[in-house]
2 protein chains.
Amino acid sequence: MGNGEWVPLAHRVPDLGALELLLAVARIGSLSGAAKRMGITQPAASSRIRAMETRLGVALVDRSPRGSTLTAEGALVTDWARRVVEAAEAFDAGAQALRGRRDSRLRVAASMTIAEYLLPGWLIALRGQRPGTAVSLHAGNSAVVAERVLAHEADLGFVEGLSVPEGLDSAVIAQDRLVVAVAPGHAWARRTKGVAAAELAATPLILREWGSGTRQVLDAALAQSGGLAAPLLELASTTAVKAAALSGAGPCVLSELALGEELAARRLVEVPVTGAALGRALRAVWPVGNRPAGPARDLLSLTRARP
Amino acid sequence: MGNGEWVPLAHRVPDLGALELLLAVARIGSLSGAAKRMGITQPAASSRIRAMETRLGVALVDRSPRGSTLTAEGALVTDWARRVVEAAEAFDAGAQALRGRRDSRLRVAASMTIAEYLLPGWLIALRGQRPGTAVSLHAGNSAVVAERVLAHEADLGFVEGLSVPEGLDSAVIAQDRLVVAVAPGHAWARRTKGVAAAELAATPLILREWGSGTRQVLDAALAQSGGLAAPLLELASTTAVKAAALSGAGPCVLSELALGEELAARRLVEVPVTGAALGRALRAVWPVGNRPAGPARDLLSLTRARP
DNA sequence: TAAGGCCATAAACTGACTTTATGGGTAACG
DNA sequence: CGTTACCCATAAAGTCAGTTTATGGCCTTA
């Protein structure tokens with residue numbers, strides 16, 4: 001893509017502090033109250049909000065002597081801001097765990113997909129329930145996770161895959177699903193009956209490169225339908241796969257977790273597949289006999305559909 | 001919720017510029033290259049990445065005399081960062097449109113739900129196709145949108161609702177759906193057969209306050225099943241409704257768009273409903289006869305499942 | 001071995017954000 | 001009808017993070 005006269009996003013979007021302040025103003029209903037909540041003074045808050053309004057060219061809050069409320073545009077902006085702040089919170093939760101402090105009271109090992117999409121949310125929830133718990137995270141493939149759990153270097157592991165590694169007990173915490181998705185303009189988007197496994201197998205697809213968990217499950221599921229055709233594109237990251245599919249290059253296959261937002265917004269359309277099992281269990285694992293206790297049990301109960 | 005020793009998110013998460021820089025490093029493969037791309041000097045980039053590593057306590061990039069590549073942890077952090085940056089891009093696209101400049105070549109009016117969840121994505125896509133197009137956005141309820149379109153104050157409108165306002169032609173661009181969702185621990189989460197409309201109507205629910213489009217559709221859909229019971233909670237914002245449902249307070253009803261992420265991550269579970277039509281069309285509208293042309297046509301074709 | 005990538009470090013600079021210090025406005029209350 | 005207690009705005013001075021400029025070391029390629 002061309003560069004043109006590109007300016008960094010950071011110069012066009014208020015910084016996280018300002019967005020967070022805006023959320024506080026929305027919730028609390030006054031600039032000074034929000035300022036106190038954020039640990040800054042009232043003039044600072046006033047100035048920041050005003051700077052944000054100037055930059056956006058829109059009035060965000062109605063000031064009155066007895067408080068400030070959002071304007072209609074302000075409410076919309078606040079909703080967009082909330083999504084940024086929530087993503088930042090997930091980032092923070094994940095990053096803190098990645099730090100891997102020695103004094104951690106809960107050591108977790110997780111596969112990539114789980115670490116990327118699910119764990120931050122769980123950690124935020126755990127922090128809500130047990131604020132004191134320090135968590136350390138180690139990410140790797142299923143084999144690495146199993147190894148660390150068996151060596152008692154992790155209190156709890158999370159794996160995605162078809163089978164449970166030797167020596168571990170497990171509980172299914174969710175049922176992930178590979179999803180075939182196409183851009184709305186693609187011919188398959190009209191197929192309400194979906195595609196048969198054999199047709200899917202015969203079609204060149206946009207895939208992650210070989211070695212990814214996703215790819216392995218797909219290979220196994222279509223083995224009896226003739227095996228995978230040569231890929232249309234073979235890309236290194238989930239993002240690249242999504243981008244290619246969005247541009248209409250062809251059908252892609254990714255975890256439902258990676259596609260949630262695109263599917264909800266109809267930027268991509270799911271194509272049902274008949275005759276192949278594209279599901280895979282997401283499992284929590286622990287050494288045989290060592291049922292999780294303490295913080296590990298807390299986290300586990302957060303992740304399971306049924307406690 | 002208690003405050004405790006809270007520190008602002010902005011002090012724990014790198015700023016957007018740093019996250020964007022990290023993405024550039026991931027894509028380009030060198031600090032100096034990423035620096036050039038971002039319009040800063042190489043030492044600045046080096047220093048920012050280093051500061052980020054220090055703050056997070058994790059090495060993110062492997063430096064070598066022939067470039068820099070992400071470490072395993074770096075790749076994970078980059079994926080989390082990408083979500084923050086994408087949210088910020090959506091914020092920016094929406095905010096720019098809200099500005100409402102006079103020289104806008106495309107004036108759009110949209111209902112709240114569409115403006116909040118769908119429009120930013122469309123605008124990003126439009127910017128990709130037609131970089132020069134300046135868009136102005138006006139958000140309001142269906143009546144306001146219709147009025148602006150009829151008065152030729154907007155080139156294109158987007159409404160959600162059961163009927164098309166008088167004097168407007170329309171095209172269905174997506175089928176939104178109200179979703180009943182509960183926390184995974186809730187009894188309804190186990191109901192694979194879902195709940196009947198009558199049972200839903202009789203159950204106290206967590207709802208948006210009266211007047212919201214969501215609420216109206218729900219009222220209409222359950223009118224023949226006995227009408228809505230008194231709400232369990234009646235809250236002012238989508239976010240508040242979600243938060244209440246996440247905490248296990250009870251079943252909530254929200255647009256599928258608002259719940260996409262929570263459902264994908266299984267933080268909330270969808271409960272199928274039988275015997276009531278909870279779907280509603282999302283429509284683009286324009287004055288009878290004035291078929292959209294130019295930029296409006298470009299945007300319209302981006303939003304339609306079938307061009 | 002010279003050239004051209006890449007990255008690290010040090011020191012001076014800049015500017016955005018902050019606090020401190022005021023002032024003006026509205027509402028509740030005796 | 002003043003007093004008190006909120007609320008917000010403005011001005012001036014201070015602070016610190018992030019930046020540039022300048023330099024040096026390392027590795028590969030021709």
Side-chain angles (χ1 to χ4, degrees), chain A residues 6-71 74 81 85 88, chain B residues 6-71 74 81 85 88:
Chain A
W6 180 86
V7 281
L9 198 53
H11 289 179
R12 291 176 296 158
V13 177
D15 61 274
L16 285 170
L19 298 181
E20 211 180 355
L21 176 62
L22 180 62
L23 295 187
V25 171
R27 204 178 61 244
I28 295 174
S30 88
L31 289 188
S32 49
K36 197 182 302 173
R37 180 83 174 69
M38 299 273 302
I40 61 178
T41 59
Q42 171 265 320
S46 183
S47 143
R48 277 191 96 148
I49 296 285
R50 178 166 299 281
M52 187 155 46
E53 288 178 314
T54 309
R55 182 187 324 213
L56 300 183
V58 174
L60 298 175
V61 301
D62 267 335
R63 294 133 169 101
S64 93
R66 49 176 207 291
S68 298
T69 60
L70 294 179
T71 63
V85 170
Chain B
W6 180 85
V7 281
L9 197 53
H11 289 179
R12 292 176 294 159
V13 177
D15 61 278
L16 284 171
L19 298 181
E20 212 181 354
L21 176 63
L22 181 62
L23 295 188
V25 171
R27 203 177 63 243
I28 296 174
S30 86
L31 288 188
S32 50
K36 197 182 302 173
R37 181 84 173 71
M38 300 273 302
I40 61 176
T41 58
Q42 170 266 317
S46 183
S47 143
R48 275 192 102 150
I49 295 285
R50 179 166 299 284
M52 188 155 44
E53 288 177 314
T54 310
R55 178 183 328 207
L56 301 182
V58 174
L60 299 174
V61 304
D62 269 335
R63 293 129 168 108
S64 92
R66 30 174 224 294
S68 297
T69 60
L70 294 179
T71 62
V85 170

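Numbered from 1 within each chain, the chains take letters A, B, ... in sequence-line order.
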What I want to find out is whether A:Arg63 reaches A:Glu53 closely enough, with some N-O distance under 4.0 Å, to be called a salt bridge. yes
If I take atom CD1 in residue A:Ile40 and atom C1' in nucleotide C:dA16, what distance separates them, rounded to the nearest angstrom? 14 Å
Counting just side-chain N and O atoms, does A:Arg50 come under 4.0 Å of either OP1 or OP2 of D:dC8? no
Given atom CE of A:Met52 and atom C1' of C:dC17, what is their separation to the nearest angstrom? 14 Å
Please tell me if A:Arg48 has a side-chain N or O lying less than 4.0 Å from either OP1 or OP2 of C:dC17. no
With the side chain counted from C-beta on, respond yes when A:Arg50 and A:Leu31 share a heavy-atom pair under 4.5 Å apart, and no when they do not. no
Taking atom C1' of C:dG5 as reference, at what distance in whole Å does atom CG of B:Leu31 sit? 13 Å
Looking at B:Ser47, does any N or O in its side chain come under 4.0 Å of the phosphate oxygens OP1/OP2 on D:dG18? no
Quick one: which of D:dG18, C:dT9, C:dT19 gets closest to the side chain of B:Asp15? D:dG18
Looking at B:Ser32, does any N or O in its side chain come under 4.0 Å of the phosphate oxygens OP1/OP2 on C:dC6? yes
Write down the distance between CD (B:Gln42) and C1' (D:dT23), rounded to a whole number of angstrom. 11 Å
Output for pair (B:Leu21 CG, B:Leu16 CG), nearest 0.5 Å, gives 12.5 Å
A:Met38 has an atom CE; how far is it from atom C1' of C:dC17, in whole Å? 13 Å
Rounded distance in Å - NZ (B:Lys36) to P (C:dC7): 11 Å
Shortest non-hydrogen separation from A:Val61 to A:Val25 and the atoms involved: CG1-CG1, 4.1 Å
Which atom names give the shortest non-hydrogen contact between B:Ala81 and B:Leu22, and what distance separates them? CB-CD2, 4.5 Å
Measure from the side chain of B:Ser30, starting at C-beta and using heavy atoms only, and say which of C:dC6, C:dA21, D:dC8 lies closest. C:dC6
Hey, is the main chain of A:Ser68 close enough, under 3.5 Å, to the side chain of A:Ser30 for a donor-acceptor pair? no
Without swapping roles, check the side chain of B:Glu20 against the backbone of A:Leu9 for a donor-acceptor pair under 3.5 Å. yes
Is there a side-chain contact between A:Thr41 and the phosphate of C:dT19, meaning an N or O under 4.0 Å from OP1 or OP2? yes
List in numerical order all residues of residues 55-70 of chain A for which some heavy atom is under 4.0 Å away from an atom belonging to DNA chain C. A:Pro65, A:Arg66
